[in-house]
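Just below is one structure, and these are the notes that go with it.
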Number of protein chains: 2
Amino acid sequence: MSAVNEVADKAIARPSGLAEEVYRRIRADIMSLRLPPDTRVSVDSLARELGVSQTPIREALSMLEANGLVSKRHFAGYATSPRMDRAQLDELFEFRLLIEPHAARKAAESMKGADMAILASGEGATSHDAFADMDTQFHKLIAQGAGNHLIADSLARLHIHVHIFRSCFRSEIAEEAVHEHDDIIAAIRAHDGATAEAAMRSHIERSYARLRDFIRD
Amino acid sequence: MSAVNEVADKAIARPSGLAEEVYRRIRADIMSLRLPPDTRVSVDSLARELGVSQTPIREALSMLEANGLVSKRHFAGYATSPRMDRAQLDELFEFRLLIEPHAARKAAESMKGADMAILASGEGATSHDAFADMDTQFHKLIAQGAGNHLIADSLARLHIHVHIFRSCFRSEIAEEAVHEHDDIIAAIRAHDGATAEAAMRSHIERSYARLRDFIRD
DNA sequence: GGTCCCGCGATCCTATAGGATATTGGATTT
DNA sequence: AAATCCAATATCCTATAGGATCGCGGGACC
């Protein structure tokens with residue numbers, strides 16, 4: 001019986017939801033820059049590489065296209081979306097400023113103790129990747145703490161692009177960001193909605209200023 | 001040359017992006033309640049009905065799933081999402097209140113004359129469907145007027161669900177809504193951002209109150 | 001009468017073949 | 001030498017067939 005599995009072990013395992021699995025795999029490859037922005041992605045190459053048929057690849061790429069991570073040109077194949085330019089960065093942070101401060105306020109008002117424990121942990125990152133993961137987790141937990149699935153989903157989608165942008169420039173670990181996170185966490189633990197909202201707004205504005213310097217076109 | 005086209009005229013026309021065309025078709029069927037909520041949707045039925053292969057159907061359904069209009073259960077086929085319940089309606093309008101007033105302010109500050117002419121026209125709907133289309137167009141133009149693609153896309157996605165919900169209950173034409181629209185349009189034409197933002201907020205809150213009465217579970 | 005087993009239908013998933021199209025490289029012309 | 005045209009290639013898009021899996025209903029057994 002091990003003979004049956006030994007082939008599929010390295011490939012994608014679960015037969016439950018193959019397209020979903022492929023979707024996560026490709027999304028992870030895009031976020032880790034293993035597939036850099038503006039890179040062509042062919043269907044049958046992926047099919048050979050992952051050891052599955054073309055159908056789940058197509059479904060996964062369609063989902064990625066709906067989420068804005070790849071774009072399809074007729075009879076020319078898929079390609080990862082190009083890196084954000086200045087205008088897109090502005091739009092993204094304008095959107096975040098509308099949503100995330102409100103999410104922080106609601107999280108402060110209604111978050112339970114169990115989730116707060118998770119929020120407080122995992123603060124202390126040394127490498128670039130660890131910091132990026134920690135930041136993603138931090139904002140994700142607050143978005144979920146707001147108790148609104150639309151808010152959580154929208155912010156998750158946006159943070160993917162923030163992650164890619166930051167990874168492109170291998171930006172140094174911002175010591176300030178950790179302190180700003182601590183301010184927000186303290187306000188949430190104190191159930192102080194107004195302070196949490198203000199701290200989050202300040203954090204996003206400073207984060208925007210830090211990232212904006214990397215772009216000059 | 002007309003002989004070449006006469007067959008394809010009634011079917012799906014553009015050979016550029018079959019999956020895209022199928023996507024729009026199914027989305028239109030869902031929005032018109034031709035596919036009611038919580039209805040099973042089989043791939044090959046659609047393939048036979050639309051006269052195309054299964055592959056573009058799958059891609060279209062994957063995109064619809066990413067947009068939250070259908071859901072897939074493993075080896076059980078696709079189904080249209082169930083009608084919104086009370087909690088989802090609350091979440092949706094909480095989100096709209098975060099975004100749309102800001103969009104109205106920005107539209108008032110930066111909208112050009114040409115778009116305003118379009119905005120002012122098309123006000124005067126008699127039937128249910130005509131009112132629904134007019135309302136959709138109204139909010140879509142303001143969202144685009146804000147000059148932020150993320151805002152426009154998010155609101156477009158949300159308004160689909162509002163449209164479906166309203167269609168489910170065949171809600172009467174709200175005379176008030178037209179007046180509220182007029183207030184917003186007047187503020188935008190006067191480039192009065194603060195007034196436009198307040199008018200939009202008021203409009204959404206009243207719209208929420210009107211729709212909320214239809215749900216009691 | 002209740003519970004378990006089994007076959008049937010529906011659906012998804014995979015594989016392969018063939019037609020259509022955009023991109024790329026080289027040859028030709030100005 | 002630069003621009004243009006054309007053919008070759010790679011890729012996508014579609015269609016069809018076959019294997020695998022899940023849910024449901026009828027019948028047998030306790």
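In what follows, chains are A, B, ... by sequence order, proteins preceding strands, each numbered from 1. These numbers come from a predicted model, not from an experiment.
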- [ ] Could you tell me the separation between the NZ atom of B:Lys72 and the C1' atom of C:dC12, rounded to a whole number of Å?
- [x] 9 Å

- [ ] Select one nucleotide: of C:dC13, D:dT11, C:dT11, the one nearest the side-chain heavy atoms of B:Asp44.
- [x] C:dT11

- [ ] Determine which pairs satisfy side chain to side chain donor-acceptor pair (under 3.5 Å) with at least one residue from residues 108-118 of chain A, sequence neighbours left out, and list them in order.
- [x] none

Open item on the list: So, using salt bridge (Lys or Arg N to Asp or Glu O under 4.0 Å) as the criterion, who are the partners of A:Arg210 when residues are at least two apart?
Closed with: A:Glu176, A:Glu180

- [ ] Take atom CD1 of A:Ile57 and atom P of D:dT11, then tell me their distance rounded to the nearest Å.
- [x] 14 Å

Open item on the list: Going by side-chain hydrogen bond (donor to acceptor under 3.5 Å, both in side chains), name the residues that satisfy it together with A:Glu59, two or more places apart in sequence or in a different chain.
Closed with: B:Arg58

Open item on the list: I'd like to know if A:Arg34 and A:Glu49 make a salt bridge, using a cut-off of under 4.0 Å between side-chain N and carboxylate O.
Closed with: yes

- [ ] Could you tell me which residues satisfy side-chain hydrogen bond (donor to acceptor under 3.5 Å, both in side chains) with B:Arg73, sequence neighbours excluded, listed by chain and number?
- [x] none

Open item on the list: Can you measure B:Glu21 atom CD to D:dC13 atom C1' for me and round it to whole angstrom units?
Closed with: 15 Å

- [ ] Rounded to the nearest angstrom, tell me the gap between atom CD in A:Glu59 and atom C1' in C:dT11.
- [x] 13 Å

Task: Nearest-nucleotide pick for A:Val43, side chain only, options being D:dC12, C:dT11, C:dT23 - done: D:dC12

TODO: Please tell me which of the listed nucleotides, D:dC12, C:dT23, C:dT11, lies nearest to the side chain of B:Arg40?
DONE: C:dT11

- [ ] To the nearest Å, give me how far apart CG (B:Leu46) and P (C:dC12) are.
- [x] 10 Å

TODO: Could you list the residues that satisfy salt bridge (Lys or Arg N to Asp or Glu O under 4.0 Å) with A:Glu91, not counting sequence neighbours?
DONE: none

TODO: Could you tell me whether the side chains of B:Asp135 and B:His181 share a donor-acceptor contact shorter than 3.5 Å?
DONE: yes

Task: A:Arg58 vs D:dT14: side-chain N/O to OP1/OP2 distance below 4.0 Å - done: no

Produce the list of close N/O pairs, under 3.5 Å, pairing protein atoms with atoms of nucleotides 15-17 of chain D; give distances to one decimal.
| residue | atom | partner | partner atom | Å |
| --- | --- | --- | --- | --- |
| D:dA15 | OP2 | B:Ser53 | N | 2.3 |

Task: Integer-rounded Å distance: C:dC12 P and B:Glu65 CD - done: 12 Å

TODO: Write down the distance between OH (A:Tyr78) and P (C:dA22), rounded to a whole number of angstrom.
DONE: 16 Å

- [ ] Report the residue (B:Ser45 or A:Arg73) whose heavy-atom-nearest nucleotide on DNA chain C is the more 5′ of the two.
- [x] B:Ser45

